[in-house]
Amino acid sequence: MTMHGILNRGMRTPRHLMWAVIPLLLLLPVLGMTVSDAVRWTASDFIIATLLLVTGAGAAELVLRLSRGSRTRLVGLTGVALALALIWGELAVGLFGSPWAGS
């Protein structure tokens with residue numbers, strides 16, 4: 001499948017896949033906690049991760065619905081992914097040293 005096909009307005013399957021991946025991503029720390037003591041997530045970690053992933057997927061959905069060209073969609077989706085990665089990194093290890101920084 002080409003990038004143009006994935007970013008095509010009429011194609012619904014990648015959007016459904018995007019939403020289906022969220023619970024699978026949240027299962028990874030659960031599996032990690034059963035295998036190793038190094039992974040220690042609390043309920044608040046799962047809530048924050050869920051909010052972040054759902055917000056990111058919602059922003060990606062908005063980009064796909066509002067943009068017309070493939071290049072515009074690609075730039076918008078890249079921006080959403082970059083913002084998501086920076087926020088996740090700040091919360092996890094404190095990339096910028098904000099009050100919400102992880103340790």
Under the side chain to side chain donor-acceptor pair (under 3.5 Å) test, residues paired with Thr34 that sit two or more places apart: none
Out of curiosity, [X] [atom1] to [Y] [atom2], how far, rounded to the nearest 0.5 Å?
X	Y	atom1	atom2	result
Leu26	Ile47	CG	CD1	11.5 Å
Glu61	Leu77	CD	CG	10.0 Å
Arg71	Arg73	CZ	CZ	14.5 Å
Ile22	Leu27	CD1	CG	12.5 Å
Leu74	Thr78	CG	OG1	4.5 Å

Which heavy atom of [X] sits nearest to which heavy atom of [Y], and what is that distance?
X	Y	result
Arg40	Asp45	O-OD2, 4.0 Å
Met18	Ala60	SD-CB, 3.7 Å
Ala20	Pro23	O-CD, 3.2 Å

Go through the structure and list residues passing side chain to side chain contact (heavy atoms under 4.5 Å, CB included) with [X], not counting sequence neighbours.
X	answer
Val75	none
Thr72	Ser67
Leu62	Leu66

Pairs meeting criterion ring pair (Phe, Tyr, Trp, His ring centres under 6.0 Å) with involvement of residues 26-70, two or more places apart: Trp41-Phe46
Leu17-Val54 co-clustered via ILVMFWY side chain contacts under 4.5 Å: yes
Donor-acceptor under 3.5 Å (Thr55 side chain, Leu51 main chain): yes
If you look only at distance, which donor and acceptor atoms sit under 3.5 Å apart when one is on a side chain in residues 79-88 and the other is two or more places apart or in another chain?
none

